[in-house]
Structures are given as structure tokens and as C-alpha cells.
Amino acid sequence: MKTILVTGAAGGIGSRLRKLLKGIYPNIRWSDIRKPADLAADETFIAADLSQMAQVEKIVAGVDGVVHLGGHSTEGPWDAILQANIIGCYNMFEAAYRANVKRVVFASSNHAVGFYPRSQKIGVDLRVRPDSRYGVSKAFGEALGALYAYKHGMSVTCLRIGNFGDAPIDQRRLAIWLKPEDLVQLIRIGLEHPDITFQTFYGASNNEAAWWDNSNARRFGYKPQGKAEDYRAQAMAAQAKLPPDPVGDRFQGGTYCSDEYDADKRGGN
Ligand SMILES: NC(=O)c1ccc[n+]([C@@H]2O[C@H](COP(=O)([O-])OP(=O)(O)OC[C@H]3O[C@@H](n4cnc5c(N)ncnc54)[C@H](O)[C@@H]3O)[C@@H](O)[C@H]2O)c1
């Protein structure tokens, strides 16, 4: 990969990757709807709104691979999700295809499968079970990825990211934590592994309490270094300060499941 595009450059993950990917790929083009406040003089940045096809066509021109992080990264009103994650994600895959981009790594989310119970260990081959409009948009992005991979020969890797950060911050994060350097490994597999048509990996570190079977990622060489258990005491201390959440504590998606939840009042589960 000579030239890669990373969207979402001004966000939490993008800002960290701007340091971690330096020197790994010779030309990295960073993009976001807003310019990162701490953009360095040697970083290439092009502003673009993902919901505008003409702007997306400009940022994908001439790149070999895309790491697609940009979008609405939490639950939100339908129109915000629609513009940034549904239309935006379509624009990115379609523009990349037209520009003959070979590879896309898509930042999906655990919220695409958030309504699986914590008592069930899941792999990547089950049906999606989104816990929010946001989760639906990630499932949509994964489906788009499959379309462009199987119909148009693009190599697509979907990363169902758990929670990216320096340490797991509560009990749920002990199961889903992703150390920044481990995300770099997953991105590199997606951009460089010769045998990828369409793959889904969990974006999680080496967490003993994991709800996910990430053997598919390991099959492609993923060797996560982060161990959530090293932070158990501090995560559980933080958990003790949180109010109980009878629905969120039952399902993998946590508060994304309990927010707006009324299945019990309507005769559901
Ligand atoms: N942080 C996590 O733990 C986590 C977990 C699961 C999935 N993800 C996914 O990873 C990606 C990055 O996450 P993050 O935590 O850095 O999120 P973030 O919100 O910090 O960054 C997202 C970036 O996308 C940009 N953006 C939003 N709408 C846009 C548009 N219309 N056009 C162009 N850019 C737009 C924002 O300006 C922002 O800088 C997101 O897609 C998110 O859904 C993150």
C-alpha cells in the first residue's frame, strides 16, 4: 500500500492513529469534515463531507486503500445517522470502487450485534442484532462491504470495534477493550494480508472476559497484546460507581440496549 486514505482524522481514533501509523505507510491522506486542531506540518489533510459524493470522489482519487473511520460514532437522531453513516458510507464504497481502490477497512462496531446476551459467546457468522440506529448503520456498512467485495472484487475488512482506549474503564469494557496498538495490527491485516476478500474481525484485545470468539482474526495473524485483566481492579472500582442497568447489564451493547428500550412494556423480552 503506497497511498492510503484515512477518514475520521479529527476524531478520537483518527487522532491517535495519526501518531501510530506514521512511518508505516509512505503516503497517508487524512480526511474529516473538520480539520484536526493539532494537524502537523508534515501531514496531508483534505476536508470532505462524506454525505457529498463529489467531495468523497476527491479524497479517494489515487489511493490504494481506505481506512474508513469517519461518521457519526454514537447513537443519534435518524437524520444524522442517515447522512454520515448510511449515505456517507455508500459514497465512500462507491467512490472507492469507481476510483479502483483495492482495499477498504471499515470501522464497524460491536453495536451491530449489541443485542446478543453477555452470556453468549459469539463469532462473526451470526445474524446482526443491532442495538441502536447507529448499530443498524454499522450493519449496513458491513453489508455494503460484502457487496463491493463479492460483486466488484474489492478486498474489504470490517472491524467490529469494541472500545478503543488506553485502558478498560468499566466491567463491560473488560470484555470489549481494544488497545490502540492492537487496532493498528488489525488495520494492517486488512490493508496488507494477501487472502482477504471479505472478512469480519472483532476489534478487541486479548481479553479474558471476552464475549467474542475472535479466532477469525487470529487466523489472519492477529496477536493482540492488550490484556484487559491487567486493569480489572480499576475497571471494577469504576463500575461500582455506576447505577445498575437491568437491561444494559444483560446485553453486550450495554446502555445502547437500555436507551429507548420498551420491549418489556410492549410484550417483548
Ligand atoms: N471509539 C470507539 O471505541 C469505537 C467503537 C466502535 C466503533 N467505532 C467507530 O470507529 C470510528 C471512529 O471512532 P471515533 O471514536 O474516533 O469517533 P469520533 O466521533 O471521535 O470521530 C469520528 C469523526 O468522523 C467525522 N465525521 C462525522 N461526520 C462526518 C461527515 N459527514 N463527513 C466527514 N467526516 C465526518 C467527525 O468530524 C469525527 O472527527 C467511527 O466510525 C466509530 O463508529 C469506534
Side-chain angles (χ1 to χ4, degrees), residues 5-21 29-39 45-60 66-77 79-92 95 104-114 130-142 144-145 157-170 172-173 175-180 182-184 186-187 190 200-205 207 212 226 228 252-256:
L5 164 73
V6 187
T7 64
I13 296 184
S15 298
R16 195 64 180 270
L17 288 180
R18 292 198 346 262
K19 313 244 167 355
L20 292 173
L21 290 180
R29 181 183 299 167
W30 299 95
S31 183
D32 201 291
I33 198 168
R34 58 190 170 106
K35 190 173 169 181
D38 58 345
L39 195 72
F45 175 80
I46 306 178
D49 179 347
L50 291 161
S51 69
Q52 302 300 315
M53 179 60 111
Q55 295 181 30
V56 181
E57 281 175 334
K58 284 195 185 128
I59 57 173
V60 298
V66 175
V67 180
H68 185 49
L69 306 171
H72 195 92
S73 63
T74 54
E75 179 60 317
D79 197 54
I81 301 286
L82 173 67
Q83 296 302 325
N85 293 11
I86 302 284
I87 296 173
C89 196
Y90 169 77
N91 286 347
M92 194 281 302
V104 172
V105 176
F106 169 59
S108 181
S109 168
N110 66 90
H111 294 292
V113 288
D131 57 24
S132 48
R133 291 173 290 280
Y134 166 72
V136 168
S137 75
K138 293 300 185 180
F140 172 79
E142 292 187 3
L144 271 179
T157 303
C158 299
L159 304 180
R160 286 185 185 160
I161 299 172
N163 189 241
F164 176 92
D166 287 322
I169 54 170
D170 58 19
R172 177 170 171 268
R173 269 51 166 245
I176 68 167
W177 177 54
L178 175 62
K179 187 182 164 93
D182 289 339
L183 176 59
V184 172
L186 289 167
I187 288 173
T200 305
F201 304 144
Y202 284 101
S205 288
N207 305 333
W212 305 326
Q252 299 187 1
T255 56
Y256 278 61

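Throughout, residue positions are numbered sequentially from 1 according to the sequence presented. Note that ligands are numbered from 1 as they come in the structure, with each ligand's atoms numbered from 1 the same way.
Between the Lys179 side chain and the Ala204 main chain, no donor and acceptor come within less than 3.5 Å of each other. Counting only distance, with no hydrogens or angles, the side chain of Asp170 and the backbone of Arg173 share a donor-acceptor pair below 3.5 Å. Here the side chain of Arg29 pairs no donor or acceptor atom with the backbone of Ile46 at under 3.5 angstrom. With hydrogens and angles disregarded, no donor-acceptor distance shorter than 3.5 Å links the side chain of Trp177 to the backbone of Phe164. Put simply, the side chain of Arg133 gets close to the backbone of Gly76: a donor and an acceptor are under 3.5 Å apart. Judged purely by atom type and a 3.5 angstrom limit, Thr7 uses its side chain to pair as donor or acceptor with the backbone of Gly70.
Of the protein's non-hydrogen atoms, Leu69 O, 3.1 Å is the one closest to atom 40 (C) of ligand 1. Shortest contact from atom 3 (O) of ligand 1 to any protein heavy atom: Phe164 N, 2.9 Å. Nearest protein neighbour of atom 26 (N) of ligand 1, counting heavy atoms only, is Gly71 N, 3.6 Å. In terms of protein heavy-atom proximity, atom 31 (N) of ligand 1 is closest to Asp49 OD1, 3.0 Å. Counting protein heavy atoms only, atom 10 (O) of ligand 1 is closest to Ala107 CB, 3.5 Å. At the shortest separation from atom 1 (N) of ligand 1 among protein heavy atoms lies Ile13 CD1, 3.6 Å.
Proximity of Asp38 to Lys19: side-chain heavy atoms (C-beta onward) are separated by under 4.5 Å at one or more points. Side-chain contact between Ile81 and Tyr134 is present, with heavy atoms from C-beta onward closer than 4.5 Å. Within the 4.5 Å cutoff, no side-chain heavy atoms of Pro130 are placed close to those of His111. For the pair Ile33/Leu50, no side-chain contact is recorded, criterion being any heavy-atom separation below 4.5 Å from C-beta on.
The contact set between ligand 1 and Ala48, taken as ligand atoms under 4.0 Å from a residue heavy atom, comprises 32 (N), 33 (C). Within ligand 1, counting atoms from 1 as listed, the ones closer than 4.0 Å to a heavy atom of Ser108 are 6 (C), 7 (C). Residue Tyr134 has at least one heavy-atom neighbour below 4.0 Å for each of these atoms of ligand 1: 6 (C), 7 (C), 8 (N), 9 (C), 42 (C), 43 (O). Within ligand 1, the atoms closer than 4.0 Å to a non-hydrogen atom of Gly162 are 3 (O), 5 (C), 6 (C), numbered from 1 in the order shown. Close approach to Asn163 involves these atoms of ligand 1, each under 4.0 Å from a residue heavy atom: 3 (O). Which parts of ligand 1 touch Gly70 is read off a 4.0 Å heavy-atom cut-off, strictly below it: atoms 24 (O).
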Under the side-chain contact (heavy atoms from CB on, under 4.5 Å) criterion, do Thr200 and Arg160 qualify, and how do the steps go? CA-CA 7 Å; Thr200 305; Arg160 286 185 185 160; 3.7 Å; yes
Evaluate the criterion side-chain contact (heavy atoms from CB on, under 4.5 Å) for residue pair Tyr256 and Thr74; output intermediate values, then yes/no. CA-CA 9 Å; Tyr256 278 61; Thr74 54; 3.5 Å; yes
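Nearest to atom 17 (O) of ligand 1 by heavy atom, out of Gly165, Gly11, Ser73, is Ser73. For atom 32 (N) of ligand 1, the nearest non-hydrogen atom from the set Leu50, Asp32, Asn85 belongs to Leu50.
Remark: ligand 1 and Ile161 share no N or O pair separated by less than 3.5 Å (distance only, no angle test). In terms of polar-atom proximity, Lys138 is counted as a contact of ligand 1, with an N or O under 3.5 Å from an N or O of the ligand. Considering backbone and side-chain atoms together, Gly12 places an N or O closer than 3.5 Å to an N or O of ligand 1. Between Ser109 and ligand 1, no N or O atom pair is found at a separation short of 3.5 Å. Here's the thing with Ile33: one of its N/O atoms is less than 3.5 angstrom from an N/O atom of ligand 1. At a 3.5 angstrom cut-off on N or O pairs, Asn110 does not count as close to ligand 1.
Checking Asp49 against Ser51 by side-chain atom types alone, a donor-acceptor pair falls below 3.5 Å.
In this structure, Gly88 does not count as a contact residue of ligand 1, since none of its heavy atoms falls inside 4.0 Å of the ligand. Under the 4.0 angstrom criterion for non-hydrogen atoms, Ala9 is not in contact with ligand 1.
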